[in-house]
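We use all heavy atoms of the structure for the numbers below, so side chains are in, but hydrogens, waters and symmetry mates are not. To find a chain, count down the sequence lines: A is the first, B the second, and so on, and within it residues start at 1.
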Amino acid sequence: VPTASGRLRAKLDLLLPAFDAPGRLLAEHPNARGLWPRFLAINAFLARETVPLLEAALIRARTLARDDEVARGLVAYLEHHIPEEMHGDEPGDEALHDLQALGVDPDEFRARPLPPKIAELIESQLAWIRDRHPVAVVGYLAIEWYHPHPEDVERLIEVTKLPRAAFRQLLLHAELDVEHARELRDAIDALPLEPWHEELIGVSGLSTLSLLTAAALEVVSEPRVVRT
Amino acid sequence: MGKNLERLRELKLIDEDALTREHEIVIELLSEEELAVLKGMKRLFDVEAAVGGTAGKPLPIVI
């Protein structure tokens, strides 16, 4: 594979059978309507944490940038990308609005602690940014390559019979992430990555897909309906 | 058979029906740390045939 983005994509594609499973199980689940708010909560937690995570990577990259060409390239990419991830006045606003459409109190949701798998995901990213190199966050962002398609979201709306307002974030990303995915690919290929950078990005990306799969499987494997 | 593929097979993580030559090549390119993440899936969720193959329906999770 001639490009760094292609090599990363090939590694992450190995996990598609696992990554595919929760979405398929949700669409086929007899209680998809009851489970959707918990999927949406995962999205809202990620939306809440992503901008602060990217900002941590940006701060670290700026610190290294003087003597580190990869860090310099990362600064330019993150300065452009972070505003695109805001989606509202505060990080995660749009996902909160979707939860609100299902009757969730935004203030109550803001006070909730991260679920363990999402906490593990964010904490491992912060540790790699701090202790190894901020380019690790590129592996986290690679989830944008696996965004849902509009027809998948429409199918979920149909299956759950929930208001369309509870799917605005997903519908938006089904469109937006086509461009975000292309920008990420171009950014990776513009960085002068050495093999150890690529390995770190690979570990970060594989870990992200694994932990998100695990978090989502917890939702679809529990038949009970919990509070949203 | 490569060493990495052998180790994932022992854990029953390989989707044998869908495994292609391209998957085998990529698996052998994985570092020890990357391989450890794949093996760690056994800790995160009990699923077999999680590696290799193709996906049909992306997870409805976005960042």
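Annotation: residues 42-54 of chain A contacts chain B through A:Ile42, A:Asn43, A:Leu46, A:Thr50 [non-hydrogen atoms, separation under 4.5 Å].
Of the N and O atoms on the side chains of A:Glu84 and A:His81, at least one donor lies less than 3.5 Å from an acceptor on the other residue.
Under a 4.0 Å N-O distance rule, the pair B:Arg9/B:Glu6 does not qualify as a salt bridge. Salt-bridge formation is detected for the pair A:Arg182/A:Glu179: a Lys NZ or Arg NE/NH1/NH2 atom is positioned less than 4.0 Å from an Asp or Glu carboxylate oxygen. Salt bridge absent: A:Glu199 and A:Arg132 never bring a charged side-chain N and a carboxylate O closer than 4.0 Å. Comment: B:Arg7 does not engage B:Glu10 in a salt bridge, judged by the lack of any side-chain N to carboxylate O separation of less than 4.0 angstrom.
Per-residue counts of heavy-atom pairs under 4.5 Å with chain B were compared for A:Gln169, A:Glu120, A:Glu144, A:His180; the largest is that of A:Glu120.
For chain B, no part of A:Leu200 is nearby; none of its heavy atoms comes within less than 4.5 Å. Contacts of B:Leu29 with chain A are absent, with no heavy-atom separation under 4.5 Å from either backbone or side chain. Of the atoms belonging to A:Glu94, not a single heavy atom falls under 4.5 Å from chain B. Proximity to chain B (any heavy atom under 4.5 Å) is restricted, for A:Ile143, to the side chain, taken from C-beta onward. A:Leu40 does not touch chain B: none of its heavy atoms, backbone or side chain, sits under 4.5 Å away.
Residues A:Pro148 and A:Phe167 fail the side-chain proximity criterion, which asks for heavy atoms closer than 4.5 Å. Between A:Arg7 and B:Val26 the shortest side-chain heavy-atom distance does not fall below 4.5 Å.
In terms of modelled atom types and a separation under 3.5 Å, the side chain of A:Arg168 and the main chain of A:Ala165 share a donor-acceptor contact. A distance-only check finds a donor-acceptor pair linking the side chain of A:His133 to the backbone of A:Val135 [under 3.5 Å].
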